[in-house]
Amino acid sequence: MRLTPHACGETLLDGVWWPRTANLTRELHDLISAVTPSVGVTERITFGWNPASISQRRADLPDGVTVEDRVADQPPDVMYLFGDNGTRLSLLIIPAATHFTHAHAAMAAAGAGGG
């Protein structure tokens with residue numbers, strides 16, 4: 001995961017995340033921990049979840065984070081994380097199967113504020 005230097009609301013994208021698997025909820029707790037300094041306590045996450053992620057989420061212990069489908073006008077490859085302090089973090093999700101070279105180029109662009 002990589003955030004832009006001015007994450008949380010100043011740009012269309014606040015960062016990028018390249019998960020290791022297509023089952024995003026398996027890695028969700030690590031992501032939430034990583035963005036806590038920027039978003040505060042994560043209360044809600046919206047995204048176009050795949051069936052594997054939804055199935056895993058149902059098996060996870062309750063953690064107080066509401067996971068929902070995309071909101072109106074949310075791009076299909078962007079995840080929104082809403083914090084308890086009123087912030088929203090927008091992360092471009094790079095599919096896990098993306099070639100290393102392409103994924104790192106996207107992460108470098110996001111880290112430089114090019115998202």
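In what follows, residues are counted from 1 in the order of the sequence shown.
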Could you check whether any side-chain heavy atom of [X] comes within less than 4.5 Å of a side-chain heavy atom of [Y], counting everything from C-beta outward?
X     : Y     : result
Glu68 : Phe47 : no
Ile45 : Val65 : yes
Phe82 : Thr42 : no
Arg70 : Pro76 : yes
Leu89 : Leu3  : yes
Val16 : Ile94 : yes

Shortest non-hydrogen separation from Ala103 to Thr98 and the atoms involved:
N-CG2, 3.8 Å

Nearest atoms (heavy-atom pairs only) where Ser53 meets Ala22
OG-O, 3.5 Å

From [atom1] ([X]) to [atom2] ([Y]), nearest 0.5 Å:
X      : Y     : atom1 : atom2 : answer
Leu24  : Leu31 : CG    : CG    : 9.0 Å
Thr25  : Asn50 : OG1   : CG    : 8.0 Å
Glu27  : Trp18 : CD    : CH2   : 11.5 Å
Arg2   : Asp14 : CZ    : CG    : 15.0 Å
Met107 : Leu92 : CE    : CG    : 10.0 Å
Thr4   : Leu13 : OG1   : CG    : 8.5 Å

Kindly write out the residues that satisfy ring-ring contact (aromatic ring centres under 6.0 Å, His included) with Trp17, not counting sequence neighbours, or none if the list is empty.
none

Can you list the residues that meet the side-chain contact (heavy atoms from CB on, under 4.5 Å) rule with Val71, with sequence neighbours excluded?
Arg44, Thr46, Gln74, Tyr80

Return the set of residues passing side-chain contact (heavy atoms from CB on, under 4.5 Å) with Ala34 (not counting sequence neighbours), or none when no residue passes.
Met1

Across all chains, not counting sequence neighbours, the side chain to side chain donor-acceptor pair (under 3.5 Å) partners of Ser33 are none

Qualifying residues under side chain to side chain donor-acceptor pair (under 3.5 Å), relative to Glu43, sequence neighbours excluded:
none

Is it the case that Thr87 and Asn85 place a side-chain donor and acceptor less than 3.5 Å from each other?
yes

Residue pairs fulfilling salt bridge (charged side-chain N to carboxylate O under 4.0 Å, His left out) with at least one residue in residues 77-87, sequence neighbours excluded
none

